[in-house]
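Order of the sequence lines sets the chain letters (A, B, ...), proteins ahead of strands, with each chain counted from 1. Predicted model only: the values in this text are computed from it and were never measured.
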Amino acid sequence: MNLHPVRAIYMAEMARTRRTLLQSIVSPVISTSLYFVVFGAAIGSRISEVNGVSYGAFIVPGLIMLMLLTQSVSNASFGIFFPKFSGSIYELLSAPISHLEIVIGYVGAAASKSILLGLIILATSGLFVPLEIAHPFWMLFFLVLTAVTFSLLGFIIGIWADGFDRLQLVPLLVITPLTFLGGSFYSIDMLPPFWQNVTLANPVVYLVSGFRWSFYGISDVSLAASVGMIALFLVACLGTIGWIFRTGYRLKP
Amino acid sequence: MNDPIITINGLNKTYEGGFQALTHIDLTIQRGEIFALLGPNGAGKTTLISVVCGLVNPTAGHVLVDGFDNITHYRQARELIGLVPQELTNEAFETVWNTVSFSRGLFGKAPNPAHIEKVLKSLTLWDKRNNRLMTLSGGMKRRVLIAKALSHEPRILFLDEPTAGVDVELRREMWEVVRQLCDNGVTIILTTHYIEEAEEMADRIGVINRGELVLVEEKAALMSKLGSKQLTLNLHSPLTEMPATLQRFELSLAAEGYELIYTYDGSQEEDSHAISELLTALEREGVTFKDLNTRQSSLEDIFVDLVNPKERA
């Protein structure tokens, strides 16, 4: 592996984040903080504890996961879509660089941004609600793996999208609804039995559950199911990207 | 000279819709030469370059770059190549310095600010190094694309319509840059619509039309082989028909008989005698003229003849 091209892509993507600091970092931190204020402090104070955890603290893992998923997808999709849109992707495709190096550069940068954001939001949430992290290693494990997996998904979307509207389609119409309905704001125990079963078809449930378990030791599904689901998703994304590069789908005519 | 740096064998490209862009292309580019690829719009010039550079998958055939297959040994093949695309494509918000440095890294080379500085100075971009690309003129953006292509010190440079939309002065400057690169041993392959560019720059010329390589020839030999000369005599009185004594010359009448045109091959020694004989014959026939001019067919005429012979007929 040649690290120079990986570094070049990674640094260029991180430089783009610095150029758009308000949009990339400040905006998601403020919008997530508003959730803490509204659901945690204002409304949350009137809601009883969930499995022994105050409602304000209960929603912290879900909110971080909400931000992590949407930002990972949008960062990675934009990163690869923009060169396609501007035409400068010719340089990437004609460079002596392997598919793996391209993915590490773009997905690594997108995941780094998301992880940084996740940690900032985690620190910010401590200002609004009392926090505890029962399993720090597992918390970081879920944070990193989710960021990487959804950055891979974003990379796929960026290659698939042929316009800005499609670029926004999946994050807005798929990721956000799945996250909201994936137990970010509630435990699936609160749902009627039928909807509990339906909810189990939502992959985000497993991510939120595992992440929440790393904070408070409580979960909707088993830890093994959470790890298995994210591993499955990771493998599916890697397989899809492998197929894209092998066939040149939407990259090479 | 037989020191090929690019060898293309049996290259075919058919796009998904069924359009055959390239048909069995065989071509060898010699090390250190300037090769001009001419062809009308849609002839397959850009597709050919794109296949060699790895931007388009070939349907059949293969490409060797300095002995390396451009698919199975893409790393070794691609690191030798720099590509300047036809479109002005770049990251609008990046600075000149950053985008050129990025290209060097992307091609697997360690950072080398001294080389980037040298490239930017050679393209008179040094003063603009901290400017964002969006603030540059079209000509400057074209130079940035060349600088990006040169950032990793390629041995082969593809220039796809390098001076399209560039003013005359800048075009001349770019030609000078290309000549300097060639003097430094870089092999240049350029596509162009400007025939004068190929005439001015190229060592060899290839003509591609409808995906087929119609001709590949040394420029001088091509001009000599296909370039004809014309002597036009403006007559005092029009000729309604060709006098019998003039039939043996390759003559034609134009401008309602006021112009007598003699077409000949300027490279042949006997043609100079033929002109004397023609002028003597004209005097005998009492055909007088008030003016004359000669014209040598340009590469453009040759090109038009090759790609569209009917138009010339």
Tell me the closest heavy-atom pair linking B/Leu106 and A/Ala95, and the distance in Å.
O-CB, 3.7 Å
Using atom types as modelled and distance alone, determine if a side-chain donor or acceptor of B/Arg78 lies under 3.5 Å from a backbone N or O of A/Leu93.
yes
Looking at chain B, which one of A/Gly105, A/Pro83, A/Ser86 has the largest number of heavy-atom pairs inside 4.5 Å, strictly under?
A/Ser86
Under 4.5 Å from any heavy atom of chain B - which part of A/Thr20:
neither
Less than 4.5 Å to any heavy atom of chain A: does that hold for the side chain of B/Lys109, its backbone, both, or neither?
backbone
Taking atom CZ of A/Phe85 as the centre, does the number of heavy atoms from other residues, nucleotides or ligands within less than 6.0 Å exceed 12?
no
Is B/Glu87 in contact with chain A via its backbone, its side chain, both, or neither, using a 4.5 Å heavy-atom distance?
neither
Is any side-chain heavy atom of B/Arg75 closer than 4.5 Å to a side-chain heavy atom of A/Ser98?
yes
Within the structure provided, determine whether B/His73 and A/Pro96 are in side-chain contact (heavy-atom separation under 4.5 Å).
no
Check whether more than 12 heavy atoms from other residues, nucleotides or ligands sit under 6.0 Å from atom CZ of B/Phe93, and answer yes or no.
no
Report the C-alpha separation of B/Leu83 and A/Glu91 in whole Å, then their side-chain angles, then the decisive distance to 0.1 Å, and conclude whether the side-chain contact (heavy atoms from CB on, under 4.5 Å) test is met.
CA-CA 8 Å; B/Leu83 168 65; A/Glu91 201 175 20; over 6 Å; no
For A/Ile102, is it the side chain, the backbone, both or neither that has a heavy atom under 4.5 Å from a heavy atom of chain B?
neither
Check the pair B/Cys53 / A/Tyr90 against side-chain contact (heavy atoms from CB on, under 4.5 Å), numbers first and verdict last.
CA-CA 9 Å; B/Cys53 294; A/Tyr90 81 89; over 6 Å; no
Where does B/Phe102 contact chain A at under 4.5 Å (heavy atoms): side chain, backbone, both or neither?
both
Best-contacting candidate, B/Glu16, B/Glu94, B/Arg104, against chain A by heavy atom pairs under 4.5 angstrom
B/Glu94
Atom of A/His4, atom of B/Gly108 and distance for their closest heavy-atom approach:
CD2-O, 3.5 Å
Determine the option with the most heavy-atom pairs under 4.5 angstrom with chain A, choosing from B/Ser101, B/Ser50, B/Gly105, B/Ser103.
B/Gly105
For B/Arg129, does the CZ atom sit with more than 12 other heavy atoms under 6.0 Å from it, leaving out its own atoms?
yes
Hey, is NZ on B/Lys121 packed in by over 12 heavy atoms from elsewhere, all under 6.0 Å?
yes
Toward chain B, the part of A/Arg19 with a non-hydrogen atom under 4.5 Å
side chain
